[in-house]
Protein chains: 2
Amino acid sequence: MATNRSYNDLCGLAHALDLIGERWALLVVRELLLGPRRYSDLRAELPGISSNILSQRLDGLVTAGTVTRRTLPPPAGSTVYELTAWGRQLEPVVLQLGHWGARSPGHPAGDHLSAVSLILSLRTNLDPTAARDDDLALELVMRRERFHAHLAHGTLTTGRGPQPHDTRAPDATVAATPMTLATLLYGPHDLDSAVTAGNATVAGDTTAAARFLTRFALPDTADVPPGR
Amino acid sequence: MATNRSYNDLCGLAHALDLIGERWALLVVRELLLGPRRYSDLRAELPGISSNILSQRLDGLVTAGTVTRRTLPPPAGSTVYELTAWGRQLEPVVLQLGHWGARSPGHPAGDHLSAVSLILSLRTNLDPTAARDDDLALELVMRRERFHAHLAHGTLTTGRGPQPHDTRAPDATVAATPMTLATLLYGPHDLDSAVTAGNATVAGDTTAAARFLTRFALPDTADVPPGR
DNA sequence: CAGCATCCCGATTGATACTG
DNA sequence: CAGTATCAATCGGGATGCTG
């Protein structure tokens, strides 16, 4: 019952849109790309989504086989939603579409940025040549949640929580909102002034943190013919 | 006026969905991937879209900068819609999402297939190792329109009309509906019986045509945990 | 006929309140 | 916390009409 309003088209694209083409669906998928989330997490990370719509989308994604609903073992006992293996294969689509959207001449309106978006943007916006000789392990803390970003020899590893199977401690820990981190990565601000302004805190090797932040850049805006 | 119902999210994905996330929008883009089309062409190739919705989507895509509206020089004089350079960069997204959708366990319901979808499916579903040693130039005719598909050394070139800058004549010409071609490529039928049944006609090297058709295969269906 | 604009109606979405 | 229930607003689909 995802929708009975199918495109009725044998094309794979049309069928994909039957499954994840409804409003909010792909943003829910985005939020799940870094691991399982609870219903209330998703609500918090997708401001603007209504409670009933989130329910409907999750239902649709579950019946489509993109997401599974799972109850965590005790003592947690909470129910979480998680991408299936097939659902995880939407990652390249999400990243490419995000990259495409970031090039839009229609300015980046909006005022919200989720932690997941910020982390995924690192994967898309890394400048591998600038980072060629780096070996930097950062811990990013956004809204109480910890993420890792490990940049070694032009390759980036990111995820929620600490770096798995990594005994090495992060070179630095930066705590800030996703918005602040975005301005540090892509915008005009630098780490020092953000710290003095009280918008970010750094622990560990501040120089390493600052260098890490310079290794990312937004793609160029596409230039399009004079509108209309 | 694409939508005043924006996600209001700085994330590139959310912005992309503001632009091409509405119903039918990405299917319109798909139909434009092989070159400019007129309004009425799009209507014919997207059965189910309402005339006013097609208008709205084209407006939205044009103001977003994804599509341009152009009047062909005389004597044609008709107006066509065409992807901008930035719009063409949606191709990998469309192909990947189509490939993802084709793996859905929810069966390929529906009864329609556009000529563009069929051609694009060739790009996604080529088996390069099977085609490693081929050098086959086919002309495909669907609903009066000609397309070329040239397979050389594991690489496929496809497009509308004849192969450009290619003096070599096609090895064979196959005329059929996109649906019939799909069953020949991916389904149970073979070229000979389709011809005898009157569903396809072949001119030129029939063996080459038949060999070409065996070089493509649908991706495996994803297996997902028992739904709900 | 191509390219929309209008009107109507059902389907989808959104805001909010409410429940186990 | 994890949703469901309700109702208003909006959107999409289909038919139809208009304009060059």
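- The CG-C1' distance, from A:Leu54 to D:dT4, rounds to 13 Å in whole Å.
- The separation between A:Asp59 atom CG and C:dT12 atom P is 14 Å, rounded to whole Å.
- Whole-Å rounding puts the B:Glu45 CD to C:dA2 P distance at 13 Å.
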Starting at the 5' end of nucleotides 13-20 of chain C, put B wherever the base has a protein heavy atom under 4.0 Å, S where only the sugar-phosphate does, and a dash everywhere else.
SBB-----
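- In the displayed structure, B:Asn52 atom CG is contacted under 6.0 Å by more than 12 heavy atoms of other residues, nucleotides or ligands.
- Side-chain contact, B:Thr183 with B:Thr180: no donor N or O sits under 3.5 Å from an acceptor N or O.
- Residue B:Ser40 places at least one side-chain N or O under 4.0 Å from the OP1 or OP2 atom of C:dA2.
- Across the protein-nucleic acid pair, A:Arg69 atom CZ and D:dA2 atom C1' stand 8 Å apart, rounded to whole Å.
- You'll find the side chain of B:Leu13 stays beyond 4.5 Å of the side chain of A:Trp100, heavy atoms only.
- Considering OG of B:Ser50 and CZ of B:Arg43, their distance stands at 7.5 Å, rounded to 0.5 Å.
- Residues B:Arg146 and B:Glu139 are paired through a salt bridge, judged by an N-O separation under 4.0 Å between the basic side chain and the carboxylate.
- B:Tyr39 places its OH atom 6 Å from the C1' atom of C:dG3, with the value rounded to the nearest Å.
- B:Ser121 and B:Tyr186 share a donor-acceptor pair across their side chains, judged by distance under 3.5 Å alone.
- Proximity of B:Ser55 to the phosphate of C:dG3: no side-chain N or O atom is located under 4.0 Å from OP1 or OP2.
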